[in-house]
Amino acid sequence: MSALIVTALGVGWFMARRALSGVEAVTRTARKISDTDLGQRVPIMARHEEIDRLAVTFNQMLDRIEKLVAGIREMGDNIAHDLKSPVARIRGMAEMSLAAGPYDNCEDDALAASTIEECDRLLEMINTMLMISKTDAGVSETHMQPVNIADVARAAKTLFVPLAEDGGLTLTCTAPDTVLVSGDLRLLQRAMANLVDNAIKYTPAPGTIEISVDHDKTNKEKVNISVKDSGIGIGADDLPNIFNRFFRCDQSRATNGSGLGLSLVQAVAQAHGGCVDVVSEPGRGSLFTLHLSGLPEIQTNPGD
Ligand code: ADP
């Protein structure tokens, strides 16, 4: 009798495990889905009818969501693309009007000048949106080359020192001579510039900004590029949103910006097989780190 109970319990446990493994597969897939990877699907095991039906329905729902998201992105790109020409035309007209001046009423000159400024801001936003979409789609192999990211960091320092000093900030850069990554130079420069520009924008004087590049301490094949500031910091509620397009923390609305800079940084990191993370404390500052895969240094003979 007891053998029968033990066998029944064993069979019951086995059946329950089998049924639950299908549910676990659905849960695992749902967890893996992120806004940049909607391509995951639940494997169909053909073992348990109910669970397989659930998996098929789940996969069909993912197909529809993937199509919807692709449609929304395409519409955004088309709108951005179609807006470029009219904005450029408005800018041209304002420029012609400014060149035809000076007018008796100097308000007309100021109006034309501010129209040009606003058009430039809009064009910059449109171009950044298009750049993010293009980068999200991946970096073309033809643009990939060995890049000394330490040089990119030093160049960013040189470029931004005057702006930092104007704002009463000290900008430093610590990097070895050579740290190689495989990447698109223009995109990496842009990501670096966005991080340093933000650090300057969101750090009141007197403050410090430290750029640093190094190999990861635990995994020498990885490279960390970080920008640390002693600025206003970011609240815990805002942190999960700062890489979303057009998101701006309430405290930064008085500062110029579009909310697209960090989305581009994230798109660049992911297109290079890396990621970007942030540690921040309101009132104390932020540390943004780009994690990329390094390339082995090219050995050259001293005689070469
Ligand atoms: P923006 O053009 O507004 O700077 P970003 O996408 O670069 O857009 O940044 C999104 C938001 O994240 C910013 O509006 C700001 O609120 C916050 N942020 C980014 N970098 C920093 C920083 N270094 N210190 C404090 N807040 C930051």
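One-based numbering, in listed order, for ligands and for the atoms of each. Here the structure is a predicted model, which means the values were calculated and not measured.
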Q: List for me each residue that meets salt bridge (charged side-chain N to carboxylate O under 4.0 Å, His left out) alongside Arg245, sequence neighbours excluded, and say none if there are none.
A: Asp136
Let me check something: any side-chain donor-acceptor pairs from residues 175-187 under 3.5 Å, sequence neighbours excluded? List them with distances.
unit_1 : atom_1 : unit_2 : atom_2 : d
Asp184 : OD1    : Arg186 : N      : 3.1
Asp184 : OD1    : Leu187 : N      : 3.3

Q | More than 12 heavy atoms of other groups within 6.0 Å of Asn256 CG | A | no
Q. Among all residues two or more places apart in sequence or in another chain, which pass the salt bridge (charged side-chain N to carboxylate O under 4.0 Å, His left out) test with Glu74?
A. none
Q) Between Ser212 and Ser226, does any side-chain donor sit less than 3.5 Å from a side-chain acceptor? A) yes
Q: Identify the residue among Leu290, Leu188, Val276 that makes a side chain to side chain contact (heavy atoms under 4.5 Å, CB included) with Ile225.
A: Leu290
For ligand 1, what N or O to protein N or O distances fall under 3.5 Å?
unit_1   : atom_1 : unit_2 : atom_2 : d
ligand 1 : 2 (O)  : Ser258 : N      : 2.9
ligand 1 : 2 (O)  : Gly259 : N      : 3.1
ligand 1 : 3 (O)  : Tyr202 : OH     : 3.3
ligand 1 : 3 (O)  : Arg248 : NE     : 2.5
ligand 1 : 3 (O)  : Arg248 : NH2    : 3.1
ligand 1 : 3 (O)  : Gly259 : N      : 3.4
ligand 1 : 4 (O)  : Asn198 : OD1    : 3.2
ligand 1 : 4 (O)  : Lys201 : NZ     : 3.0
ligand 1 : 4 (O)  : Tyr202 : OH     : 2.7
ligand 1 : 6 (O)  : Gly261 : N      : 3.2
ligand 1 : 6 (O)  : Leu262 : N      : 2.8
ligand 1 : 7 (O)  : Asn198 : OD1    : 3.3
ligand 1 : 7 (O)  : Asn198 : ND2    : 2.8
ligand 1 : 7 (O)  : Leu262 : N      : 3.3
ligand 1 : 8 (O)  : Gly259 : N      : 3.3
ligand 1 : 14 (O) : Tyr202 : OH     : 3.4
ligand 1 : 14 (O) : Arg248 : NE     : 3.4
ligand 1 : 16 (O) : Cys249 : N      : 3.1
ligand 1 : 16 (O) : Ser252 : OG     : 2.4
ligand 1 : 20 (N) : Asn198 : ND2    : 3.4
ligand 1 : 23 (N) : Asp229 : OD2    : 2.9

